[in-house]
Amino acid sequence: MDRDRILLTPGPLTTTLRTKLAMLRDWGSWDTDFNTVTAGVRSRLLDIIHGQDSHVLVPLQGSGTFSVEASVATLVPRDGHVLVLDNGAYCKRAGKLTQMMGRKVTTIGFPEDAPVSPEVLDQTLAADASITHVVLIHCETGAGVENPLAAVAAVCERHGKGLIVDAMSSFGALPIDARSIRFDALIAASGKCLEGVPGMGFVFIRKAVLASCAGNSQSLAMDLHDQYTYMEKTGQWRFTPPTHVVVALSEAITQFVEEGGQPARLARYTGNCRTLIDGMRALGLKPFLKPEHQAPIIVTFHAPAHPAYDFQRFYQAAKARGFMLYPGKLTTVETFRVGCIGAIGSLEMQQAVNAVADTLREMGIPAAAA
Ligand SMILES: *Cc1c(COP(=O)(O)O)cnc(C)c1O
């Protein structure tokens with residue numbers, strides 16, 4: 001089979017041919033042609049959140065986690081105290097990297113099948129004045145839960161605390177408006193809902209806190225303030241940029257705008273999610289989350305309760321039919337995940353459901369027993 005398999009994962013994602021073709025040229029990292037592409041990407045990303053007045057956009061080489069780590073290093077003073085609202089695997093990762101960078105960290109744990117609670121946050125901030133920053137994962141990709149960004153931001157603003165948002169898997173799909181939601185930093189990446197290829201992250205930093213970020217970072221490579229200052233002065237990235245990733249992202253943003261921006265992307269992913277859940281239910285496969293907590297980004301399904309089920313076999317059989325599924329990330333129950341994001345529509349989702357139906361049949365798992 002020479003057609004690429006469809007990636008039903010939370011990144012890397014299936015990309016369009018236009019995006020792939022954008023990578024067929026070489027670019028000089030300090031050349032004005034490339035600097036123009038970088039400047040255009042930065043400006044158009046700010047447009048997506050209506051953040052031209054309130055925020056700056058700082059790109060960073062590396063996968064999304066590099067930008068989360070850089071945001072904590074840059075935003076939080078070395079004697080700062082970070083509160084992580086934890087309802088899943090990516091929250092735990094944020095807590096771990098914060099601790100490894102030597103910042104004091106407190107974690108409040110929540111169940112992984114429901115959103116974090118702004119009320120509990122409110123009480124915690126009232127009880128501990130030493131907390132300087134709150135970390136929220138907008139869409140917890142572990143189970144697929146959408147967390148209440150606007151409500152959490154309002155609580156942080158009322159208490160005068162900084163908010164750092166990992167919006168990696170939601171940015172571009174779920175609405176985020178910097179004019180109505182206050183955050184100090186919001187992080188996303190090239191290879192998620194913008195449908196670029198992986199290799200760079202980017203962080204929106206609130207202009208009002210930018211100056212106070214100077215000198216916070218204990219890491220040279222992770223210093224977003226230094227990256228920002230250098231980029232403003234020269235138009236260039238501080239160290240070697242991922243040139244092909246940047247031009248692919250530029251092309252992906254053009255297609256994002258052509259499609260109708262965030263509302264259109266949300267509508268397409270919502271349709272994908274509905275096709276997926278309806279189709280899987282008909283096969284007896286039940287989603288792990290209640291519908292009201294489910295973001296249309298990635299869906300966790302209970303694994304079939306049948307002795308013949310084995311994730312590796314299930315995965316290989318679905319792959320042979322052209323679809324790449326994703327393992328579950330929950331500690332308590334056996335699950336698998338299916339992404340709704342990427343350059344795919346309901347037709348591809350229906351084909352994926354058909355491939356799963358075929359796969360279950362091959363494994364000898366009757367639909368009713370799934
Ligand atoms: C994808 C993702 C990240 C970044 O993961 P990388 O593997 O470093 O790209 C971080 N947070 C969330 C919520 C994500 O979905």
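In listed order, ligands and their atoms are each counted from 1. The shown structure was predicted, so the numbers you read here are calculated from the model rather than taken from an experiment. What's counted below: heavy atoms across the whole structure, side chains too, no hydrogens, waters or symmetry copies.
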Electrostatic pair Asp113-Lys290, nearest N-O below 4.0 angstrom: no
Does Met100 sit in a hydrophobic cluster with other residues, and if so which ones, taking ILVMFWY side chains as linked at heavy-atom separations under 4.5 Å, directly or through other members? none
What pairs with Arg25 under side chain to side chain donor-acceptor pair (under 3.5 Å), at least two apart in sequence or on another chain? none
Side chain to side chain donor-acceptor pair (under 3.5 Å) with Gln218: which residues, sequence neighbours excluded? Arg103
Are Leu325 and Val299 connected in a single hydrophobic cluster, I mean Ile/Leu/Val/Met/Phe/Trp/Tyr linked by side-chain heavy atoms less than 4.5 Å apart? yes
In short, Ile341 meets Thr9 closest at the heavy-atom pair CG1-O, 4.1 Å
Amino acids contacting ligand 1, non-hydrogen cut-off under 4.0 Å: Ser63, Gly64, Thr65, Tyr90, Arg93, Ile137, Cys139, Thr141, Asp166, Met168, Ser169, Lys192
